[in-house]
Structure formats: C-alpha cells, structure tokens
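See below for the structure under consideration.
Throughout, protein chains are lettered first and strands after them, A, B, ... in sequence-line order, and every chain is numbered starting at 1. Values below: all heavy atoms of this structure, side chains included; hydrogens, waters and symmetry mates excluded. These numbers were taken from a predicted model, which means no experiment stands behind them.
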Protein chains: 2
Amino acid sequence: MELSQKRQFKDALYEQFARISRALANPHRLELLDLLTQGERTVEDLANETALSIANASQHLQTLRAAQLVSVRREGLYAYYRLANASVQALWLSLRQVGESQLADVQAVVQHFLADRSQYQSISISDLYQRIEQQDVVLLDVRPSNEFAVAHLPQARSIPITELSQRLAELAPDQPIVAYCRGPYCLFADEAVATLSQRGFEVYRLDGGIVEWQAHGFALAQETAK
Amino acid sequence: MELSQKRQFKDALYEQFARISRALANPHRLELLDLLTQGERTVEDLANETALSIANASQHLQTLRAAQLVSVRREGLYAYYRLANASVQALWLSLRQVGESQLADVQAVVQHFLADRSQYQSISISDLYQRIEQQDVVLLDVRPSNEFAVAHLPQARSIPITELSQRLAELAPDQPIVAYCRGPYCLFADEAVATLSQRGFEVYRLDGGIVEWQAHGFALAQETAK
DNA sequence: TTACTATTCAAGTATTCTATTGAATAGTGT
DNA sequence: ACACTATTCAATAGAATACTTGAATAGTAA
C-alpha cells in the first residue's frame, strides 16, 4: 500500500471514531444517554427530565441515532429510545471515569452542589453485596417505579422518592437501610438519606446505581416487585 | 436542594464530561492519542507521523492537555507528550469498541483498505499467549525500536519493519512467526506478514498490539531487547 | 371525517471549531 | 553574545453546531 493510501485509510478511520465523539460532545446529549442507561424512554419523558424543549430533545436524539449510539422503537403515538447496546454504556462509564479521575472541575462541581453528601455515610457496591447476603440491611430503590420495573438490584424494594415520606411506616425502625437510585449523579438517594436520617433511621447511600452494579459483574432483577 | 439548583448541578456536571468528549471529537486528536498509547513522543515526532503541521499538532495537543487527557514533560529543547493516565487508554479502547460494533462504516473502511488482511491468517491474543508458553512460535515486534524499548510483549524480538527485508537471515525458516505492531489500525504487521509470507515463512498477524495485550490483563516487558 | 397528540423537519442566527500563517518564547551550542 | 531549534501563541477566514420557531407528519379517538 502506498504512502498516500495509508494516510487516506487513517483519515477515514479516525474520522469514523470522531463522529462518535462528536455525538457525545454536548452536555444535553450526555444527560440523555445517562438517563437511557436506566431503560428506554419516550421523547417527551426525556425532554421533561432534561428541561429541554421537545423539538430540541428530538434533535439531539437524532444526532445520537446518527452515530448509532441509540435506537428507536415506535409504538402507537410514542417513540421509545434506548441505548443501542452494552458497549455504549461501557463507553459512558469510561468517559465518566476519566472525568472523575482527571478533571478536578468535576470533583469541584460535585463538592459544591453536593456538600450534603459528605454528611451522610455511603456504602460501596462490594460491601453492599456482602451485607445483602447476610440479610443485614434493607435495600431501597427510590427511583420512579417504571425504572424499577425495567431492572433493579436483587432484593431491592421499591419506594419512589416522591412517596417516601408517606410510606415510612413500611420500614422497620431498627434495621439499617441502604438507598440507591440511578447512579452517582442522581439526587434521589441523597434526598432519601436526608429524609430517613432525620426520622432516626440508620441509613446509607449506595455509591452507584444499577449500571455500576452491573459493571461489577453482578446480575439484575426485573419486575416481580415486592 | 431546589429544582433550579438541581438543574444547575446537572448542567455543570455534564458540561465537564462534554469537555472531554469535545477534546476527542476530532480525527487528528484521536490519531495522536492512539499514537500516544505506545509511549511518550515529541511534538515533531507526532506531527510527522500524523502528517500535520507542527503548529497544528501543537494546537491539538494543547486541546488534549486542556481536557487533561495528556500531559507534557519538558527536557531540553523537546516537549514529550504522553497519556495522562490509564483511564484515558481505557476510554480510547471503549470508543474503538463502540465504533467497531456499531458503525458499519468503520468495518467498511477497514474492509476497503485492508482487503489484503483477509488473505493472511491472524491469531488472537489469547491463542498467542498459549503458543508462547509452549515456545511454539517466534514473536516479532515490527514497530520502530524506540517503541519496543518503552514496552513490548514478553518474549518478543524486535525487528523494525524498515529493516525486515535485510534481516531475514536472523529468522529460522522452519518456525512459525507471529508479527505484531501498534494495534489493529497499524499497518506495519500487515506489511511484515506480506513480506515474510512471500519468502515462504509460516507467518501470522497478531490481532491487537501492546495495548490490547495489556487490556487482557497480561504483563508487558521493557528494554532488555534481544 | 375531524380534532388531537407525539414527534420530526426546516430555516435562520449566534456561537464554536479548524487550519493556516507568521511572530514570540525558551532552551542549546559556540 | 549569537545563531539555531522546538514549541507555542495570536489572528484570521471558513466550516460546523446549537437553539428557537413554526410547519409537517403520522398515529389515535370520536
């Protein structure tokens, strides 16, 4: 192969990978992707959660779709978007990891907004795994119930954050509780920990969500609720 | 935390991750990163390999540095760039993986330019590992010798591709050879396989390079040559 | 059919990114 | 001090991206 052909090959190749990066190079699209790690969603739903206009959300989803990072399923009036496959999730985790380890700014943002978080105790995924086996804790999934239905940690019990304060009676006051939600940047679990802690429960925030649990090689459960 | 504050938090956070993606969103910068997986390099060296002007290469390196993906060390006249840490390498691998699994275009590019590749046989990293243990093959590193010096597969022998045809006498004609280079998109090993095959050697191309070897959890060797 | 809903498309403007060029900086060797 | 080299900086013009708005499409319900 000639020199100029080699260059052509490399240019064409790296251009393809750059296309993917470009699709990721926007904060709104990353937020959309992050939401999609929890399962498929409609455009409207995504637009609401991310505070984008519907047209804008749709446009960003088109961009992600052009890069093959998400796929759509149409059912009736709705378009359901989801991650194209598991490697996309791995990529987002990888990106997050680089951000957390490299950018002091990420830590600064978390520090600034989540000062509360350091007041309360958290528990790592591997510690949790052990304590669940010993039936030592109650595991609480505080995400919306449809997300729980799609996938949740085994043994977890669903009490969406919006219902938590009305359903305190369901929790035994003497058993430690671990609350979790979508992942490290989701605030539901923080809120749950604050609420429960105030009522005298011994409560921990799980460091991670279902994606991180899965990345540890542990299995997930579906529906069957409890 | 109030609603508008939550939004502020998320916007700030995802913006940080988008900064990293933006740094990756250019084919030249990806090529630079890919080269840096082999070890540190000077600006001039990188500019030559990527066919960029020095000023342009330097500018792209600044962009990567601003996103904390690479770091510099200055020694005398030269600035040596390298990957900021291992998580950056993992990110690049992740991105490549998504590209390979998702984008038919990547496969098409490889197919189009590397039609030769399918003529010859390749060997996977795990197969190689076994055959090395059995001392069944000669392992040939055909990258430039300075890259070999930084890191190479254990048991590998260095014959840079530029010297290969003059040094054929060093190779036993009856032993199978496995050639490897920087990784799947590096062409040195393809060239070596073509050359050796033509001279009657039994020769395979390793599917991957030192980064992929490392990603399999195997150790690397340094210097000591042979 | 008609009214309605969820989503997508299209166009315009403001912003950001890229490559090029030439000048500036900071080391080295004499 | 001088000439020289490797690298970075600054300014520019052209290309690509983002968000808004309003219109178009396609399915649903009556």
Item checked: Contacts of type salt bridge (charged side-chain N to carboxylate O under 4.0 Å, His left out), residue B:Arg74, not counting sequence neighbours ->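 B:Arg74: no salt bridge (charged side-chain N to carboxylate O under 4.0 Å, His left out) contacts found.
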
Margin query: List the residues meeting salt bridge (charged side-chain N to carboxylate O under 4.0 Å, His left out) with B:Asp45, not counting sequence neighbours, and say none if there are none.
Written below: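 By the salt bridge (charged side-chain N to carboxylate O under 4.0 Å, His left out) rule, B:Asp45 matches B:Arg41.
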
Margin query: At 4.0 Å (heavy atoms only), tell me whether B:Thr42 reaches a base, stays on the sugar-phosphate, or touches nothing.
Written below: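 Contact class for B:Thr42: sugar-phosphate only.
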
Next item on the list: Among residues two or more places apart or on two chains, list those pairs meeting salt bridge (Lys or Arg N to Asp or Glu O under 4.0 Å) that have a residue in residues 80-96 of chain B.
Entry: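 Of all non-adjacent pairs touching residues 80-96 of chain B, those that pass salt bridge (Lys or Arg N to Asp or Glu O under 4.0 Å) are B:Arg96-B:Glu100, B:Arg96-B:Glu212.
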
Check: Applying salt bridge (Lys or Arg N to Asp or Glu O under 4.0 Å), which residue pairs with at least one partner in residues 177-187 of chain B are found, sequence neighbours left out?
Finding: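 Matches after skipping sequence neighbours: B:Glu49-B:Arg182, B:Glu147-B:Arg182.
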
Next item on the list: Would you indicate which nucleotide in C:dT18, D:dC19, C:dC9 comes nearest to any side-chain atom of A:His28?
Entry: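 The nucleotide sitting nearest to the side chain is D:dC19.
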
Margin query: What's the closest nucleotide to the side chain of A:Arg29 if the choices are C:dT18, D:dA18, C:dA10?
Written below: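 For A:Arg29, the side-chain atoms sit closest to D:dA18.
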
Nearest whole angstrom, please: distance from the [atom2] of [N] to the [atom1] of [X].
{"X": "A:Gln62", "N": "D:dT17", "atom1": "CD", "atom2": "C1'", "answer": "16 Å"}
{"X": "A:Leu30", "N": "D:dA18", "atom1": "CG", "atom2": "P", "answer": "11 Å"}
{"X": "B:Arg22", "N": "D:dA18", "atom1": "CZ", "atom2": "C1'", "answer": "11 Å"}
{"X": "A:Gln59", "N": "D:dT21", "atom1": "CD", "atom2": "P", "answer": "13 Å"}
{"X": "B:Leu61", "N": "C:dA19", "atom1": "CG", "atom2": "P", "answer": "13 Å"}
{"X": "A:Asn26", "N": "C:dT15", "atom1": "CG", "atom2": "C1'", "answer": "13 Å"}
{"X": "A:Glu15", "N": "D:dA15", "atom1": "CD", "atom2": "C1'", "answer": "13 Å"}

Margin query: For a quick test of reading the model: is some side-chain N or O of A:His60 closer than 4.0 Å to OP1 or OP2 of D:dC19?
Written below: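 Yes.
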
Note to self: Looking at C:dT7, I'd like to know if its phosphate oxygens (OP1 or OP2) sit under 4.0 Å from a side-chain N or O belonging to A:Ser58.
What the structure shows: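 The answer is no; no side-chain N or O of A:Ser58 sits under 4.0 Å from OP1 or OP2.
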
Any residue of [range] with a heavy atom less than 4.0 Å from an atom of DNA chain D:
{"range": "residues 71-82 of chain A", "value": "A:Gly76, A:Leu77"}
{"range": "residues 32-40 of chain A", "value": "none"}
{"range": "residues 43-57 of chain A", "value": "A:Ala55, A:Asn56"}

Check: Between B:Thr63 and B:Arg22, is a side chain to side chain contact (heavy atoms under 4.5 Å, CB included) present by the stated rule, with each step listed?
Finding: CA-CA 9 Å; B:Thr63 306; B:Arg22 266 197 299 271; over 6 Å; no

For [X], which residues count as a side chain to side chain contact (heavy atoms under 4.5 Å, CB included) partner, sequence neighbours excluded?
{"X": "B:Thr195", "result": "B:Leu164, B:Arg199"}
{"X": "A:Ser58", "result": "A:Val43, A:Gln62"}
{"X": "A:Asn26", "result": "A:His28, A:Arg29, A:His60"}

Next item on the list: With sequence neighbours excluded, tell me which residues meet side chain to side chain donor-acceptor pair (under 3.5 Å) with B:Glu163.
Entry: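 With neighbours one apart ignored, the set is B:Arg167.
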
Check: Does A:Leu36 reach the side chain of A:Leu69, with side-chain heavy atoms less than 4.5 Å apart?
Finding: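 No, their side chains stay 4.5 Å or more apart.
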
Next item on the list: Please step through side-chain hydrogen bond (donor to acceptor under 3.5 Å, both in side chains) for the pair B:Tyr14 and A:Asp34, ending with a clear verdict.
Entry: CA-CA 10 Å; B:Tyr14 289 110; A:Asp34 197 14; 2.4 Å; yes

Check: side chain to side chain contact (heavy atoms under 4.5 Å, CB included) between A:Trp213 and A:Leu128: does it pass, once the steps are laid out?
Finding: CA-CA 10 Å; A:Trp213 176 266; A:Leu128 173 68; 4.0 Å; yes

Check: What bend angle does the helix from C:dT1-D:dA30 to C:dT30-D:dA1 show across its length, from five-pair end axes and to the nearest 10 degrees?
Finding: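 Here the helix ends are tilted 30° relative to one another.
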
Item checked: Between A:Tyr185 and B:Phe17, ring centroids under 6.0 Å ->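 That pair passes the under 6.0 Å test.
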
Next item on the list: Classify the angle between the aromatic ring planes of A:Tyr78 and A:Tyr80 as parallel (below 30°), tilted (30 to 60°) or perpendicular (above 60°).
Entry: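 Tilted.
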
